[in-house]
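So that the names make sense, note that chain A is the first sequence line, chain B the second, and so on, each numbered from 1.
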Amino acid sequence: MTPMTEEQHNLAVDNPKMTARDVKVFYGPKQAIKGVSIDVDMDHVTAFIGPSGCGKSTFLRTLNRMNDTVASARVEGAITLDGEDIYAPSMDVVQLRARVGMVFQKPNPFPKSIYENIAYGPRIHGLAASKADMDVIVEKSLRRAGLWEEVKDRLQDSGTALSGGQQQRLCIGRAIAVEPEVILMDEPCSALDPIATAKIEELIHELRGRYAIVIVTHNMQQAARVSQRTAFFHLGELVEYGVTSEIFTNPRQERTKDYITGRYG
Amino acid sequence: MTGPAILLLLAGLGAIAWVSARARALRLQTVARATGRRDAVHSLPGYHGWYVALWTLIPAGIFLAVWANVAPGLVTQSVLTDPAAQSLPADGFARSAILGEARAIASGLQAAAFNPASEALVEPYRTALTEYGIAGAVLALILAFAGGAYAFTRVRPDFRARTRVERLVMASLLIASLLAIITTLGIVASLLWESFRFFSMVNPLDFLFGVKWSPQSAAMGYGNKDAFGAVPLFWGTIFIGAIIAMIVAIPLGLMSAVYLTQYASPTVRKWMKPMLEVLAGVPTVVYGYFAALTVAPALRDLAVSIGIHGASSESALAAGLVMGVMIIPFVSSMADDSIAAVPQSMRDGSLAMGATTSETITRVLVPAALPGVVGGVLLAVSRAIGETMIVVMAAGLAANLTLNPFASVTTVTTQIVQLLTGDQEFDSAKTLAAFALGLVLFIVTLLLNIVALRVVKKYREAYE
Ligand SMILES: Nc1ncnc2c1ncn2[C@@H]1O[C@H](COP(=O)(O)OP(=O)(O)OP(=O)(O)O)[C@@H](O)[C@H]1O
Ligand SMILES: [Mg+2]
């Protein structure tokens with residue numbers, strides 16, 4: 001593996017959960033990610049920031065191979081989860097995605113009941129032996145997602161009938177239900193109001209430590225509030241990666257500084 | 001004066017009206033513009049032209065349309081006052097036969113009379129026709145002039161001809177759409193009326209719940225009681241259109257939709273979708289002879305070879321299978337639309353949970369698309385049960401109440417064709433039964449369509 005250059009990174013991650021080395025992503029002939037190397041830390045929340053179109057979502061989606069679903073996408077480089085190459089032919093994508101869960105920008109609950117939304121993952125992965133097991137998983141996941149108190153009396157209602165913020169927490173609960181190790185969140189609050197956003201941020205705090213969390217956000221304050229590590233992307237490159245407080249107060253790169261002070265993006 | 005001549009004349013008048021009104025507007029507006037006030041001029045001269053032309057044509061046109069319907073009655077009235085008409089027989093049928101013949105000769109459709117009684121009436125008819133023809137033409141022309149003149153006096157620089165023309169255009173569009181609705185209502189009314197006549201001869205309960213269908217025996221004078229039990233027809237229709245055809249069309253249609261939306265590469269999709277749609281454009285009569293000449297004999301041979309009794313050369317299965325194939329494009333294109341309407345985020349959500357593509361399809365996409373698919377299937381059923389050609393050619397005429405798909409059954413549409421072809425008296429129960437069957441078919445398809453459209457609409461709203 002190529003070591004990370006000191007210039008890019010002022011941080012040696014102690015407990016890397018996932019590592020990426022020289023990752024390049026192409027959409028057809030167009031290159032969207034131009035050689036990114038980064039370690040995702042188990043114990044901290046990592047934020048990806050950067051102007052629109054810089055490749056944050058694209059890179060995030062390489063981490064659980066969601067880019068496989070885009071016909072034109074091609075990924076080069078090495079990405080590991082617990083030291084295991086996730087692009088190796090022997091890797092089972094289905095298992096990988098159960099270990100690396102994902103929450104999307106727009107809440108996308110299935111048009112099924114709240115209960116069935118949570119039970120969906122455990123059911124396809126065979127995590128519950130009985131109905132009672134499943135009830136336990138559903139309750140535990142909804143509690144962790146901070147939604148249990150609000151929905152415990154109407155688990156059979158449709159998931160799409162919840163408010164936007166509740167739907168997003170339902171989607172987080174759905175991801176949690178399969179006991180993932182990493183949770184990737186792509187702008188999870190961009191469709192929510194400030195109160196619902198605050199709830200999700202609180203939730204991220206509570207989930208930290210149990211799961212490695214990566215969150216893409218356009219909101220600097222949010223990145224500063226929820227993350228301990230921040231990566232700044234620009235034009236498909238990882239410009240700077242470091243401790244959040246340092247990135248925001250004392251960026252090493254001119255481009256990072258320009259972005260954070262609002263000069264572009 | 002003849003019809004085409006009047007129409008030509010009117011068209012000429014309209015053109016003159018257009019040209020002169022336009023010229024007048026142009027002249028007046030040039031003068032008005034010179035005053036320099038911004039609101040002095042409203043519409044372009046062309047609109048004034050149209051305004052006057054339409055005023056010339058529309059009242060006269062409406063009058064002609066009404067006249068064409070009223071005049072024949074008036075002509076007959078005046079002929080009946082003629083002394084020669086006093087000798088006409090009182091009986092309605094003979095009387096109208098003679099009058100009809102006289103009229104045909106008078107208007108040059110027929111060369112000579114079969115009935116000497118008509119001969120005497122030809123002359124009165126001829127004069128009456130000419131008189132009323134001239135009267136109509138004159139009245140139409142007067143109306144055209146009056147309308148045109150009225151409109152022409154309104155041509156002023158600031159007259160809002162453009163708004164008026166717009167309103168007239170809207171009105172004519174409204175009338176065009178009303179026409180289709182009125183036609184439908186007329187058809188329904190005639191269906192209702194003829195069915196009512198039928199049900200005054202045959203008890204509706206016997207018709208709807210009776211199990212014996214043999215209109216021939218009624219026609220031969222054995223009474224209406226046991227001849228018009230339509231249950232075997234309803235059963236045959238459902239058996240072929242709603243059961244056998246759907247067993248073929250639903251899975252195949254759904255699977256091809258899933259393949260086309262989820263698995264097929266864009267190139268494959270680009271080729272396969274139009275090809276499926278071509279299937280929908282094949283004339284049903286082609287399917288019909290395919291069913292009758294190829295599928296049905298093959299099925300009979302198959303049935304015989306595996307020892308099934310009662311196999312007929314015209315079978316429910318043959319008609320149903322071919323009809324199913326015919327329906328596949330309907331089911332698949334409705335299913336295709338509704339699967340494609342399920343947001344991509346649903347699919348991503350499922351895949352990101354570690355579901356495989358087929359798990360995603362069966363557990364998320366198809367359930368989410370289900371209302372749309374159900375709507376499509378209902379529309380397909382309503383089409384299948386109204387389908388005529390295939391069953392006429394392949395299903396047979398025997399009104400059997402059977403579960404054996406190799407046996408011959410008959411359907412509502414087949415029997416309607418059967419009852420109405422050939423020489424028929426128009427007021428026998430046998431002929432009128434066709435209308436009662438048509439009414440039932442109409443009501444059932446209407447209900448199916450309403451339910452289907454509701455389901456589809458409700459589902460569409462859920463994602464928008
Ligand atoms: N499916 C795709 N096909 C082709 N090009 C794509 C596709 N998805 C993304 N791209 C391109 O890749 C580049 C990176 O896109 P990406 O969505 O990763 O940006 P982003 O940083 O997430 O932006 P945003 O903040 O607006 O979400 C963009 O130029 C985009 O146009
Ligand atoms: Mg993005």
> Hey, is CZ on B:F209 packed in by over 12 heavy atoms from elsewhere, all under 6.0 Å?
Replying inline: no
> For the residue pair A:Y120 and B:E359, what are the closest heavy atoms and their distance?
Replying inline: OH-O, 4.0 Å
>> Restricting to ring-ring contact (aromatic ring centres under 6.0 Å, His included), what partner residues turn up for B:F239, sequence neighbours left out?
In response: B:W235
> Which heavy-atom pair separates A:M102 from B:A352 by the least distance, and what is that distance?
Replying inline: CB-CB, 3.9 Å
> Taking all atoms of both residues into account, what is the closest heavy-atom pair of B:D348 and A:M66, and its distance?
Replying inline: O-CE, 3.5 Å
> Under a 4.5 Å heavy-atom cut-off, does chain B meet the side chain of A:R65, its backbone, both or neither?
Replying inline: neither
> Within a radius of less than 6.0 Å around NZ of B:K273, do more than 12 heavy atoms belonging to other residues, nucleotides or ligands occur?
Replying inline: yes
>> Between B:R363 and chain A, with a heavy-atom cut-off of 4.5 Å, which part of the residue counts as in contact: side chain, backbone, both or neither?
In response: both
> Mind checking whether B:S345 and A:Q105 have side chains closer than 4.5 Å, heavy atoms only?
Replying inline: no
> Taking atom CG of A:N108 and atom CZ of B:R347, what is their separation to the nearest 0.5 Å?
Replying inline: 13.0 Å
> What part of A:F110 gets closer than 4.5 Å to chain B, counting heavy atoms only: side chain, backbone, both or neither?
Replying inline: both
>> Given A:T69, which partner from the list B:T360, B:L351, B:T357 fulfils the side chain to side chain contact (heavy atoms under 4.5 Å, CB included) test?
In response: B:L351
>> Restricting to side-chain hydrogen bond (donor to acceptor under 3.5 Å, both in side chains), what partner residues turn up for A:E181, sequence neighbours left out?
In response: A:K17, A:R99
> Given a strict heavy-atom distance threshold of 4.5 Å, which part of A:P109 is in contact with chain B: side chain, backbone, both, or neither?
Replying inline: backbone
> Which heavy atom in B:G354 sits nearest to a heavy atom in A:H125, and how many Å separate them?
Replying inline: O-CE1, 3.4 Å
